[in-house]
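Beneath this line is the structure, given in structure tokens, with notes to follow.
Counting convention: from 1, in listed order, for ligands and their atoms alike.
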Amino acid sequence: MSGILRRSELATPASNERMFAKAAAAGADLVFLDLEDAVAPAQKEASRPKAVTALRELEWGRTARAVRVNGLDTTWCHDDIIEVVTGAREHLDTIIVPKARTARDVWWVDVLLTQLEAKLGMTKRIRLEVLIEEVEGLANAEAIAAASPRLDALIFGAGDFSVSQGARVDTNFVPVGEYPGDFWHYARAKVLVAARIAGIDAVDAPYPDYRDTAGYERDARRAAMLGYTGKWAIHPSQVAIANDVYAPTPDEIARAERNVAAYRHGEARGLGAVGVDGVLVDAAHVKLAEATLARAARIPSY
Ligand code: GLV
Ligand code: MG
């Protein structure tokens, strides 16, 4: 797990300057200006300088600044990267690569960034996040997750994944009929495990129905329980929910502190396991507790 907070990643179309200031001030851990699927083909090139200006000139506070470029199978991808990095330089933190299919895709972006950073004399290293939203990308998720030291997170993209898998889902990526169990569990769990093997974060899919805040919160909680560190937000109103859900609860923190204290007390007496309220606590519980406390320590107090 990387040390950077990724509870909420807010999408904003790079074509629409009117949305930029609100996005920058939404309180998200990361905002990405999208050059990909939220931007019409005719607007792609004109959107690049808009993104650069926003990255350079807006007040972003503690929010990480990202751009989602077009996929490697388009004619825009390399110019997206070159124009945005050349224009924004250190005002850009992360590039999000959509529709990754193989480790080579990530490697190609890494090489291009390395050349650009050297050419521009940049000391800052641009970070990467990639979307797993193609069936081939899911099959190769472990290799993709390990493909570059720049990589901080895999993102599960349920929308394009529905297309790639041939799933019959509604506009909110919910199966159109009764389905036993969690329709997306296999893909979600596989993305998470691949990220964890590589020691990076997993970020959950967008939830298009932004008026359904209860549904967003329910999905966010489920992914958080699995181990996801955050979720996309496609509307500023989803940001506060994600920030809340992906922070440890007071109950989790209290349990973590109690278990660590009891274990340390036992350890001082030569014990490797202790009972806390009739429940066994051993070294695995301490690791769980320490991970919870480390997550809590990173949450900024506004
Ligand atoms: C995100 O890009 C998705 O396709 O869900
Ligand atoms: Mg997508």
* Should the pair Glu117-Arg150 be classified as a salt bridge under the 4.0 Å nitrogen-to-oxygen rule? ->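 A salt bridge is present here (some side-chain N lies under 4.0 Å from a carboxylate O).
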
* **salt bridge (charged side-chain N to carboxylate O under 4.0 Å, His left out) assessment of Asp212 paired with Arg218** => CA-CA 10 Å; Asp212 179 11; Arg218 180 200 58 225; 5.3 Å; no

At what distance is the nearest protein heavy atom to [atom], and which residue and atom is it?
atom	result
atom 3 (C) of ligand 1	Glu133 OE1, 3.4 Å
atom 5 (O) of ligand 1	Gly159 N, 2.7 Å
atom 2 (O) of ligand 1	Arg68 NH1, 2.9 Å

* **ligand 1 contacted by Ala205 (non-hydrogen, < 4.0 Å)** =>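 Judged by the 4.0 Å heavy-atom criterion, Ala205 does not count as contacting ligand 1.
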
* Is the closest heavy atom of Glu36 to ligand 1 under 4.0 Å? ->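 Glu36: no contact with ligand 1 (<4.0 Å).
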
* Asked: What part of Trp232, side chain from CB on, backbone N/CA/C/O, both or neither, has a heavy atom under 4.0 Å from ligand 1?
  ->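 Under 4.0 Å from ligand 1, Trp232 contributes side-chain atoms alone.
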
* Asked: Heavy-atom contacts under 4.0 Å between Pro98 and ligand 1: side chain, backbone, both, or neither?
  ->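 The answer is neither.
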
* Of all the atoms in Glu133, is at least one N, O or S atom closer to the Mg ion (ligand 2) than 2.8 Å? ->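 It does; at least one qualifying atom falls short of 2.8 Å.
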
* Specify whether an N/O/S atom of Asp160 falls short of 2.8 Å from the Mg ion (ligand 2). =>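 Checking the Mg ion (ligand 2) against Asp160, an N, O or S atom does fall under 2.8 Å.
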
* With heavy atoms of Asp160 as the reference, note each atom of ligand 1 found under 4.0 Å away. =>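 This gives 3 (C), 4 (O), 5 (O) as the contact atoms.
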
* Asked: Without hydrogens or angle criteria, can the side chains of Ser8 and Asn243 be said to hold a donor-acceptor pair below 3.5 Å?
  ->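 Ser8 vs Asn243: donor-acceptor pair found between side chains.
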
* Going by atom types only, do Thr86 and Arg48 share a side-chain donor-acceptor pair under 3.5 Å? ->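 No pair is found: no donor N or O on one side chain lies under 3.5 Å from an acceptor on the other.
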
* Applying the side-chain hydrogen bond (donor to acceptor under 3.5 Å, both in side chains) test to Arg6, which of Asp29, Thr94, Asp201 qualifies? ->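 Only one of Asp29, Thr94, Asp201 forms a side-chain hydrogen bond (donor to acceptor under 3.5 Å, both in side chains) with Arg6, namely Asp201.
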
* Is the backbone N or O of Lys99 less than 3.5 Å from a side-chain atom of Glu133, with the two atoms forming a donor-acceptor pair by type? ->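 Side chain of Glu133 to backbone of Lys99, a donor-acceptor pair under 3.5 Å: yes, one is there.
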
